[in-house]
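To start, the structure under review is shown below, and the notes come after it.
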Amino acid sequence: MIVKRLKKPVALRIYDALNARMTLTAAQQRERQSYQRGYEGEVQLGNHFEKMPFDCLVLQDLQLKESGVQVQIDVLLLTGNTIHLYEVKNYSGSYDFQDDALHTQADFVVDPLAQTRKSKPLIYNLVRKWGYRFQVEECAIFINPNFYIYQLPRDKPFVFHHQLPHHFGQTGQGVWIDESHKRLAQKLLNCHLHDYRPHELPRYEYAQLKKGIYCSQCYSFAHTNTRQTRICTCRYKETIREAIQRTAEEFRLLFPERKMTTSVIYDWCGREYYKQRIQEVMQEHFTVYGKWGGTYYT
Ligand SMILES: [Zn+2]
């Protein structure tokens, strides 16, 4: 059972919004593509969890902080007496295993277990603190079928795409879940940092971003309106109210520290729709603070 489902990561949502509204540098484009590939890999692996052949609880994309250490866990799978931490890698091509490290063809060294190396002791200590006894195992899953490692020793906790059915078959032998697993999953879920923002994001200012509403499917700003509906050049249709709400949410994502007022969202949406309409959407979907001239929304 999936207790916490994967959502599009904050960093990728920010990169996609910026890509529509400003010109990213080549390095920023590469970073965005890297987030996109990673997300696609996690979505692919997520499909396997929909039909697991054994009882388990799955938490995808957890952000935890304990004793000042913050970790990101792609997948935490809870079953039997073990917590499995999976790191998902969407690498493609062939790599070499040399001197206990993974080398790309261009001879860069990558560490597919970098995150679990941090998260494993944190999870181990956290569950003990809460009075549970689980062993913690780490594993990197290479989700892309077009990936190969030369000279890989057999003892590495690596699982390739074609090995997934076998791996989960082994993992699921003689396991069970009971109330203690459910309580622990809930405790972990309660610790998840919802408002997490990655540190390494591109710098951007409100003034430099293109204003207006873009299509949620193709990111184009070009559209026509009927009385209630926006129709993109790609033919995607959305009610104008939905489009305004979505674009206000995007403003909150990009500028979490700024107050959302009707005037601010009116400007952000490209001054295309009447303030009256913006205000109605804001009142319906956000919490209203203040009165008269000073009203803002969260
Ligand atoms: Zn479109």
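For reference, positions follow the sequence shown, starting with 1. Read the numbers this way: they start at 1 and go in the same order the structure lists the ligands and their atoms. These numbers come from a predicted model, not from an experiment.
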With the 4.5 Å side-chain cut-off for hydrophobic clustering, are Leu62 and Phe134 part of the same group? yes
Shell check on the Zn ion (ligand 1): protein N, O or S atoms less than 2.8 Å away are Cys215 SG, Cys218 SG, Cys232 SG, Cys234 SG
Kindly say whether Gln115 contributes a backbone atom to a donor-acceptor pair with the side chain of Glu87 at under 3.5 angstrom? yes
Assess whether a salt bridge exists between Glu137 and Lys120, defined as any Lys/Arg side-chain N lying under 4.0 Å from an Asp/Glu carboxylate O. no
Note: Leu254 and Ile14 closest approach over all heavy atoms is CD2-CG2, 3.9 Å
Looking only at the aromatic ring of each residue, does the gap between the centers of Phe147 and Tyr95 stay below 6.0 angstrom? yes
For the pair Asp16 and Lys8, find out whether any cationic side-chain nitrogen is under 4.0 Å from an anionic carboxylate oxygen. yes
